[in-house]
Amino acid sequence: MAVRIDGKVISGIIKDEVKAEVSVLKAEGTDVTLAVIQVGEDPASTVYVGNKKKACAYTGIISRACNLPEEVSQAELLSLIEELNADVSVNGILVQLPLPKHISESKVIETISPKKDVDGFHIQSAGALLTGEPGFLPCTPAGIIELIKRTGIDITGRECVVVGRSNIVGKPMAVLLLRENGTVTVCHSKTRDLRSITKRADILVAAIGKPKFIDASYVKEGAVVIDVGIHRGENKKLCGDVDFESVEPLAYAITPVPGGVGPMTIAMLMKNCLEAAKMQKG
Ligand code: GUN
């Protein structure tokens, strides 16, 4: 039986660490504030934003909700971001994605001040990640590193395979694993003979976007398997990119869905907000 990497427990520990530091800052007269912008009323986004606001309330971070209608113009959204950039009482700015089609996500992300880019999506944050300069790390891959380390797994010298190459997960994940001295391979939809590569992995990160895609035939015995996917299955049950029942018996450790990577993303967002406030305080 594999070790179950419990993202709920580990994210709870991180949120408690953040909460303790936020309360010290508060006692010194400094509040930590996150502005959360949601455009439109996409139900999934509303759930994600709600969970982020709940985590803020738990950690003592003030969340400032900015809800804009679906039809808002790009110019109006950019001017709101510029206002928040200039507002010294706001430490972090988060724009929930996806955005309506008439708005350029990249333009929006590049308008957020890198000092307040708590999602770690700005091109400056991406550059800092690549070169090892200080900057905000994207929350999901940073959370995965925490899950691996806090389970007592050393990444140094291990064969790490990331399946997926998105800007939000796959690419930054590969860079973070490299920073931890892993030997990293990135696979994607055009990769030939995917199985032969994933079968080499000591640490396998699945960020493919296809329900239960990774079954036992893709996994080496004793591997650490991290599942970034989240899907609603036929029976309405949540599942990931990994076929948990098939993979669990041969893995050394595995993240469940739900309760694995998901809660870590939000915990790391809280950590980034705290870091933003500390940095801005000087
Ligand atoms: N949409 C899906 N995941 C994320 C995320 O991590 N941050 C933001 N801002 N939007 C998202």
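Each residue takes its place number in the sequence, starting with 1. As the structure is a computational prediction, the values presented were derived from the model and not from experiment. We use all heavy atoms of the structure for the numbers below, so side chains are in, but hydrogens, waters and symmetry mates are not. Indexing begins at 1, ligand by ligand and atom by atom, following the structure's order.
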| Protein heavy atoms: any of them under 4.0 Å from atom 3 (N) of ligand 1? | no
| request: Tell me which protein heavy atom sits closest to atom 11 (C) of ligand 1, plus the residue, atom name and distance to 0.1 Å. | output: Q96 NE2, 3.3 Å
Anything under 3.5 Å between a donor and an acceptor, one on a side chain of residues 251-268, the other on a protein residue two or more places apart or in another chain? List them.
| unit_1 | atom_1 | unit_2 | atom_2 | d |
| --- | --- | --- | --- | --- |
| T255 | OG1 | D227 | N | 2.9 |
| T265 | OG1 | T140 | OG1 | 2.8 |

| said: Working to the nearest 0.5 angstrom, can you tell me the gap between S113 OG and Q124 CD? | reply: 8.0 Å
| said: Which of the numbered atoms in ligand 1 are under 4.0 angstrom from any heavy atom belonging to K52? | reply: 5 (C), 7 (N), 8 (C)
| task | Before giving the answer on side chain to side chain contact (heavy atoms under 4.5 Å, CB included), spell out for Q280 and K116 the whole-Å C-alpha distance, their side-chain angles and the decisive distance to 0.1 Å. | result | CA-CA 9 Å; Q280 287 156 27; K116 300 189 178 184; 3.8 Å; yes
| Using a heavy-atom cut-off of under 4.0 Å, does the side chain or the backbone of V95 touch ligand 1, or both, or neither? | backbone
| said: Quick test: of every protein heavy atom, which one is nearest to atom 10 (N) of ligand 1, and how far off is it to 0.1 Å? | reply: L97 N, 3.0 Å
| said: Below 4.0 Å, non-hydrogen atoms only: which portion of Y48 touches ligand 1? Side chain, backbone, both or neither. | reply: neither
| field | Proximity of D119 to ligand 1 by residue part, where a heavy atom lies under 4.0 Å | value | side chain
| Of all the atoms in ligand 1, which lie at a distance below 4.0 Å from a heavy atom belonging to F121? | 5 (C), 6 (O), 7 (N), 8 (C)
| task | Return yes when E105 approaches ligand 1 closer than 4.0 angstrom through a heavy atom, no otherwise. | result | no
| Using heavy atoms and a threshold below 4.0 Å, how should the contact between M268 and ligand 1 be classified: side chain, backbone, both, or neither? | neither
| query | Going by an N to O cut-off under 4.0 Å, is there a salt bridge joining E21 and K278? | reply | yes
| Note: E17-R150 ion pair, threshold 4.0 Å (strictly below) | yes
| field | Q38 and T46 side chains, donor-acceptor separation under 3.5 Å | value | yes
| field | Distance-only donor-acceptor check, side chains D31 and T33, under 3.5 Å | value | no
